[in-house]
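Worksheet for the structure shown next.
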Amino acid sequence: MKKVKINLTAWMLFTVILLCGGCSFKGPTPDPTVSKAPEWVESAVIYEVNLRQYTPSGTINEFSQHLKELKDMGVNTLWFMPIHPISITNRSGKLGSYYSVDDYRDVNPEFGTREDFKELVNKAHKMGFHVILDWVANHTGWDNAWITEHPDWYTQKDGKIISPEGMGWPDVADLNYDNPDMRKEMIDSMKYWLTEFDVDGFRCDYAPGVPADFWYEARYELSKVKDIYMLEEDLAGQANDNLEYAFDSNYAAKVYETLMAVGKDAKTADRIKLYIPSSENNTFPMYYLDNHDVNSYDRTIAEAFSPEVLPSMYSVIFTLPGVPLIYSGDEIAYDKSIAFMEKDTIDWNRTGRDYRDLIKALSELKSSHPALCSDNTGEGFEIIDTGNKNIFAYKRIAKGDEVICIFNLSKRQQEGVDLSSIFPDKGEVLFCGVSDSYGIGVELPGDTHTFEPWEFYIIGNK
């Protein structure tokens, strides 16, 4: 993707951080232009892999047998939840949390070996996938060697290492980012997965818990190895400034919450536009209908979105200016909360529903239309006001390609919607749906159209 200038406010913030100390960044003065996400992210469809629960064995090698199935579904980017060994001391549950890291440079023997993972990454790359790793920088497990070898690398209170305060995470120990040696080792550990395994980026857990200047330093150093994609988990938008100099994407948490409320008839569709992130650089949100935290602790995708609602919601997250995420089991609208600390294999026959063809069609649409690339500059993206609060419509334009998306995000029929000023002269329906029936090959709606509940059109301008 193109180089863009960093927002001046964010650049001044970073300069203040450096001048105030607490940062070990020793590289040359950064040029206020940064290379953001690599070009492959423009058509990325991310699949979050819950390795432990994906197959009966929960191993790397058994998961590898399913790569073709994911490829056929249109997925091209694999995000692996943490694959590291899990600490035993203070472990939560029988198997513990992925996010209680025992060793940043090893693979959990529950999953396999480093060689197994290297072979998986090589196979995935040959098949056209990119691979990103979940990275836990805020804390480690209590058995991590750093605890005994470098206790000064941790936050201490009354001379004792503590868990992150106020988070309810007794199975982990809080890291001390005032220590430059710890920062260096953290970045070197991230580099290890780039150089030895050729991964393509990181999803960074609880990014606001780590100082912003560390993330800039990490991106600066990691980019010397290869061009990577960086995704931050910042559900409350506490660290949006990180997008100016360290990360390419953040969670579109408010959009998810609004889509769910719209799907349950608690809000009207016009509210969605209030939460679509925008920025002056080329960062962009990650849109989702589910993820591991939501699934395990809040609600399943089936509880959030009923069958008649789900196709239109999938179509929204694939066509808004950002990158879509699919979580393990979403392709069958898995209706069971997946255990986080125990073995709980996904039952792939449980629901009797199958959205693989829907995801494939939307993935192909995204990859074949430049207008639908992952982008958030605001250029070529326009919300269309139809005068109806239940109709959510927008236009995207890029490289001479134009796509118009129109959704009735309501359980009620919407009569007489005026579309006369929206349609291109030579438009064609690229994809459409009514409730849980969807496909292509229909005619354009007329200048005035009555939308059935959850009916939608994705229209291209020839």
Side-chain angles (χ1 to χ4, degrees), residues 45-54 70 73 75 79 81 92-93 97-99 168 203 233 235-236 251-269 271-272 275 285-320 322 324-359 362 390 392 407-412 433-438 452-456:
V45 176
I46 303 177
Y47 189 93
E48 182 185 2
V49 181
N50 189 331
L51 193 58
R52 175 188 285 164
Q53 317 297 17
Y54 198 90
L70 291 171
M73 190 169 70
V75 170
W79 153 22
M81 294 172 68
S92 297
S97 167
Y98 291 116
Y99 297 85
R203 175 268 186 188
E233 183 203 25
L235 300 178
Y251 281 49
K254 286 290 187 181
V255 174
Y256 162 73
E257 293 167 2
T258 307
L259 290 177
M260 183 177 62
V262 170
K264 294 184 178 300
D265 202 32
K267 288 185 178 181
T268 51
R271 308 301 292 175
I272 300 169
Y275 303 109
M286 181 190 73
Y287 293 107
Y288 59 94
L289 304 178
D290 193 17
N291 61 55
H292 67 269
D293 284 318
V294 168
N295 176 277
S296 293
Y297 298 111
D298 298 323
R299 66 196 70 82
T300 67
I301 190 172
E303 291 170 327
F305 303 100
S306 59
E308 64 273 15
V309 172
L310 196 51
S312 58
M313 295 302 183
Y314 264 128
S315 300
V316 168
I317 69 167
F318 269 81
T319 55
L320 281 175
L325 171 74
I326 311 297
Y327 177 51
S328 298
D330 285 356
E331 58 266 52
I332 60 167
Y334 200 50
D335 59 354
K336 181 180 183 297
S337 178
I338 303 171
F340 206 75
M341 318 287 187
E342 317 291 342
K343 178 61 178 167
D344 187 18
T345 305
I346 297 170
D347 178 0
W348 293 100
N349 298 311
R350 177 182 171 92
T351 67
R353 306 197 69 84
D354 192 339
Y355 293 95
R356 292 179 179 89
D357 287 344
L358 171 65
I359 295 168
L362 292 169
N390 294 296
F392 184 46
F407 299 85
N408 173 19
L409 298 183
S410 165
K411 67 178 183 180
R412 290 169 292 278
V434 178
S435 188
D436 61 350
S437 175
Y438 39 85
E452 297 302 319
W454 312 110
E455 183 178 6
F456 65 91

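Note that these values count all heavy atoms, side chains included, but never hydrogens, waters or copies made by symmetry.
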Examine distances only and state if a side-chain atom of Asp354 and a backbone atom of Leu358 form a donor-acceptor pair shorter than 3.5 Å.
-> no
Which residues satisfy the salt bridge (charged side-chain N to carboxylate O under 4.0 Å, His left out) test with Asp298, sequence neighbours excluded?
-> none
Any side-chain donor paired with an acceptor under 3.5 Å for Asn50 and Tyr327?
-> yes
With sequence neighbours left out, the residues meeting side chain to side chain donor-acceptor pair (under 3.5 Å) with Thr268 are Asp270
Backbone of Glu452 reached by a side-chain donor or acceptor of Asn408 within 3.5 Å | yes
Test ring-ring contact (aromatic ring centres under 6.0 Å, His included) applied to Phe340 - qualifying residues, sequence neighbours left out | His292, Tyr297
Could I get the full list of side chain to side chain donor-acceptor pair (under 3.5 Å) partners for Trp454, not counting sequence neighbours?
-> none
List in chain and number order the residues that pass salt bridge (charged side-chain N to carboxylate O under 4.0 Å, His left out) with Asp357, two or more places apart in sequence or in another chain; answer none if no residue qualifies.
-> none
Which residues pass the salt bridge (charged side-chain N to carboxylate O under 4.0 Å, His left out) test with Asp335, sequence neighbours left out?
-> Arg350
Does any non-hydrogen side-chain atom of Ser337 lie less than 4.5 Å from one of Asn295?
-> yes
Check ring-ring contact (aromatic ring centres under 6.0 Å, His included) between Tyr288 and all other residues, then give those that pass, not counting sequence neighbours.
-> Tyr251, Tyr256
How would you list, by chain and number, every residue that makes a ring-ring contact (aromatic ring centres under 6.0 Å, His included) with Tyr54, sequence neighbours excluded?
-> Phe63, His66, Trp348
Hey, could you give me each pair passing side chain to side chain donor-acceptor pair (under 3.5 Å) that has a residue in residues 304-316? Not counting sequence neighbours.
-> Ser306-Glu308
Do other residues, nucleotides or ligands put more than 12 heavy atoms under 6.0 Å from Arg356 CZ?
-> yes
Partners passing side chain to side chain donor-acceptor pair (under 3.5 Å) against Thr345 (at least two apart in sequence or in another chain) = Lys343
Okay, side chain of Glu303, backbone of Ile301: is any donor-acceptor separation there less than 3.5 Å?
-> no
Spatial distance of atom CG (Leu325) from atom CZ (Arg203) [nearest 0.5 Å] = 9.5 Å
Closest non-hydrogen atom pair between Pro453 and Lys411, with its separation = CG-O, 3.3 Å
Using a 4.5 Å cut-off on heavy atoms from C-beta on, say whether the side chain of Phe392 contacts that of Leu320.
-> yes
pair Asn291-Glu48: side-chain heavy atoms closer than 4.5 Å | yes
What pairs with Lys336 under salt bridge (charged side-chain N to carboxylate O under 4.0 Å, His left out), at least two apart in sequence or on another chain?
-> Asp344
Nearest heavy-atom contact between Arg353 and Asp436 is NH2-OD2, 3.4 Å
Heavy-atom check, side chain of Leu259 versus side chain of Phe305, under 4.5 Å | yes
Gap between atom CZ of Arg52 and atom CD1 of Ile338 - 0.5 Å precision | 12.0 Å
Nearest-0.5 Å distance that lies between atom CG in Leu409 and atom OG1 in Thr258 = 11.5 Å
Can you check side chain to side chain contact (heavy atoms under 4.5 Å, CB included) on Val316 and Tyr287, steps first, answer last?
-> CA-CA 9 Å; Val316 168; Tyr287 293 107; over 6 Å; no
Drop me the distance from Leu235's CG to Glu257's CD, to the nearest 0.5 angstrom.
-> 8.5 Å
Between Glu342 and Gly93, what is the shortest heavy-atom contact and its length?
-> OE2-CA, 3.4 Å
Work out which heavy atom in Glu331 is nearest to a heavy atom in Tyr47; give both atom names and the distance.
-> OE2-OH, 2.7 Å
By side chain to side chain donor-acceptor pair (under 3.5 Å), Asp347 pairs with (sequence neighbours left out) none
Given side chains that start at C-beta, do those of Thr319 and Phe407 come closer than 4.5 Å, heavy atoms only?
-> yes
If you take all heavy atoms of Tyr98 and Gln53, which pair is closest and at what distance?
-> OH-N, 4.3 Å
Check for a donor-acceptor pair, side chain of Ser296 on one end and backbone N or O of Ala339 on the other, with a separation under 3.5 Å.
-> no
Between OH of Tyr334 and CG of Asp290, what distance do you get to the nearest 0.5 Å?
-> 12.0 Å
For the residue pair Pro311 and Ser435, what are the closest heavy atoms and their distance?
-> CG-O, 3.5 Å
Report yes if some heavy atom in the side chain of Pro285 is under 4.5 Å from a heavy atom in the side chain of Val255; otherwise report no.
-> no
Spacing of Leu362 atom CG and Met73 atom CE [to the nearest 0.5 Å] = 11.5 Å
